[in-house]
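Quick note: numbers below take in every heavy atom, side chains included, and nothing from hydrogens, waters or symmetry partners. The sequence lines fix the lettering, A, B, ..., with proteins before strands; numbering per chain opens at 1.
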Amino acid sequence: MNDGERTAADPAGGAPPDTHRSLPHGPRADVAREAGHRGPPPRMGFFTDTSVCIGCKACEVACKEWNGVPGHGLELTGMSYDNTQGLGANSWRHVAFVEQRTPPGGREPGPVPAGPDVFEAARALGTSPGTGTSAPRSAPAGAPAGEDPPAATGGRTELRWLMSSDVCKHCTQAACLDVCPTGALFRTEFGTVVLQEDVCNGCGYCVPACPYGVVGRREGDGRAFKCTLCYDRLGAGLEPACAKACPTDSIQFGPLEELRERAAARVAQLHAAGVANARLYGESPEDGVGGDGAFFLLLDEPEVYGLPPDPVVTTRDLPAMWKQAALAAVSLAALGVASFVRRPR
Amino acid sequence: MSESDVTRNGVEGARHGREAVTGAHAGRRRRRRRGQRGERPVVPEAHFSSYYGRPVLKAPPWKALDIAGYLFLGGLAGASSLLAAGGQVTGRPGLARVAKLGAAGAITVSLGALVHDLGRPARFVNMLRVVKPTSPMNLGSWLLAGYAPLTVAAAAADVTGRLRGPGAGATAASAVLGPAVATYTAVLLSDTAVPSWHEGYRELPFVFAGSGAAAAAGLALVCAPPAQTGPARRMAVLGAVAELGAFRLMKRRMGLVAEPFEQGRPHRLLRGAELLTTAGAALAACAEAVGRAGVGRHLGRRVPAAVAGAALLTGSAALRFGVFHAGVASAQDPAYTVVPQRERLRARSG
């Protein structure tokens, strides 16, 4: 299937029969095949390397342009250069902007010991910071350096900026897909999770189900919306609009397996350059959501970027929940019977 | 970032209140537990980081009146179906009629509330487009699609006096489905990432079962002939005990994410629910003792029963609204998402 409209146009059964079905928990080898697609293409995803994000928000703009996502009004937050504030029905990409003024790693304010020289590190990588036009994938660590920001004389450079373009994670175990009562959310042949606008009845259940707070219900429209990983573009062999627009290749699109290899190499490269805080987030198929289809390279703890440190798909506990509810229902029935039993005289 | 306190000697001055800081433990201080009393905190304050204090999760977009109201009415209807069947079997037609009408009325109003809360009410039938056990809302829709017509049929047969056989069948069938209607709503809440709802999934069905029983008993006490409300009084006491006991157990097990139940509006609602349910159940029990002693007839029994019933109904409603608002509050504060997850990671890493 290479036509995004087909599933959308026929709510009664255009999608393969079981694509709204959830998957057993644990790492999955092939989500699309297990969801009922025959001979699916490789699972596609995003690797967002935040160490080269420059916070330009081209991804936000490109996403809005391509997908016709309405604006959400202009609200100046005053907290940082981030006025988008978060993902939601009207923001499918969100560039987080973190301004840190204290020495990283939770140390108390004070003079910072001399850290690694980034210029030295960059030279070791074979590129120079001045050649910004070189292949973005091998770009130097750049401004948001890792564990120790470059401590110039006088301790004047404790401040650092972290930028990260957040997006729907397209989880392997997707809570939104699991709990959707209408089957509006389904698993595509690319292994992504897409919401069919013409089926959604706006119950809003996917909104609190998402462990990342990604899905939102649009004011005035009533339906839920989220990133589709540009399902229509993928069907036509194009990369998603945000990845296309990203000027530094911070947003990389491709087969998930390939992205994982690329990400591992990048982390090793950053660690070798002294950026000890570089870590991957959401790439492990062993995590609470079975791994993310869109994962990240971060330079600080996930919660600093507004991401949950250990997300778990809520439906992991659902069998236990149903069991408890059944026990409670039986108890209630017993309570009802007990209320009518005459006491022995 | 208007003030500049980076000097030649390093950073000076206090951290800015809205600043994002680094690491897992460097974040803002949690406000104190039960701060309104001014007590010194016993539990050490949790330190955590967040993105400028913004929530990690999205709170449910539901209207409190619709959804908390539905939780209350669903519980009332489900347990009323038990009273209806019991009343019918044990020869208490007055009690049975009140319970049947109560169940049919409550579930009809709650269906209206559910459809009203949809972003696209015209598409409510899409709920029945698939059968999905992983979606409590989907299974709940199927449950209501079976249960609601049964309660209406049972009530209609009782009121019109026609088709008594099918009416009795509908009464029995609705008594079978009723307890499920009263308890599945707990799964509906727990099957979300909302910390204070999800973490209570073991006990919440029992809380809702007890609360539903107390509400149904309350309705019967208010409306049914006093001579036939003996079972309702017993149900009131049993329901109140189950509700309050399960709720205490739940809060004790939940740890940090029990905090939203003890702060602000949810705290006031839940405290009110506790008082009203306890008082209502006690009054119902006393009324039974008084009734058995044969003291005071007619009005003398009716008034305490009606007061007890009203207290039980209000208490049950307050509990549902309290639980609803506490969940919303827990989703809006990143502490309840980040701190338990950090503790989980720390425990796992040794």
Between the main-chain N or O of [Y] and the side-chain N or O of [X], is there a donor-acceptor pair closer than 3.5 Å?
| X | Y | value |
| --- | --- | --- |
| R123(B) | C200(A) | yes |
| T192(B) | A209(A) | no |
| N126(B) | V199(A) | yes |
| Y52(B) | G306(A) | no |
| S49(B) | E303(A) | no |
| R120(B) | G222(A) | no |
| K58(B) | R217(A) | no |
| W62(B) | C203(A) | yes |

Between [options], who has the most heavy-atom pairs with chain A when the cutoff is under 4.5 Å?
| options | value |
| --- | --- |
| M127(B), R348(B), R54(B) | R54(B) |
| L204(B), V89(B), L139(B) | L139(B) |
| G239(B), G178(B), P61(B) | P61(B) |

Query raised in the report: Any chance the side chains of D82(A) and Y51(B) put a donor and an acceptor closer than 3.5 Å?
Result: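 On atom types as modelled, these side chains qualify, holding a pair under 3.5 Å.
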Considering non-hydrogen atoms only, spot the tightest contact between [X] and [Y] and give its length.
| X | Y | result |
| --- | --- | --- |
| V312(A) | R344(B) | CG2-NH2, 3.3 Å |
| C210(A) | A193(B) | O-CB, 3.8 Å |
| R342(B) | P309(A) | NH2-CB, 3.8 Å |
| P179(B) | L332(A) | CA-CD2, 3.8 Å |
| A329(A) | A180(B) | CB-N, 4.1 Å |

Nearest 0.5 angstrom please: [X] [atom1] to [Y] [atom2], how far?
| X | Y | atom1 | atom2 | result |
| --- | --- | --- | --- | --- |
| Y201(B) | T314(A) | OH | OG1 | 10.0 Å |
| L327(A) | T183(B) | CG | OG1 | 10.0 Å |
| C180(A) | M137(B) | SG | CE | 9.5 Å |
| T337(B) | Y212(A) | OG1 | OH | 13.0 Å |
| L82(B) | F340(A) | CG | CZ | 8.0 Å |
| E343(B) | D310(A) | CD | CG | 12.0 Å |

Query raised in the report: Is the CZ atom of F225(A) crowded by more than 12 outside heavy atoms at less than 6.0 Å?
Result: yes
Query - Residues D178(A) and K132(B) bridged, charged N to O under 4.0 Å - result: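 Salt bridge: no.
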**Report entry** I67(B) portion near chain A, given a 4.5 angstrom heavy-atom threshold
**Finding:**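 It is neither, since no heavy atom gets under 4.5 Å.
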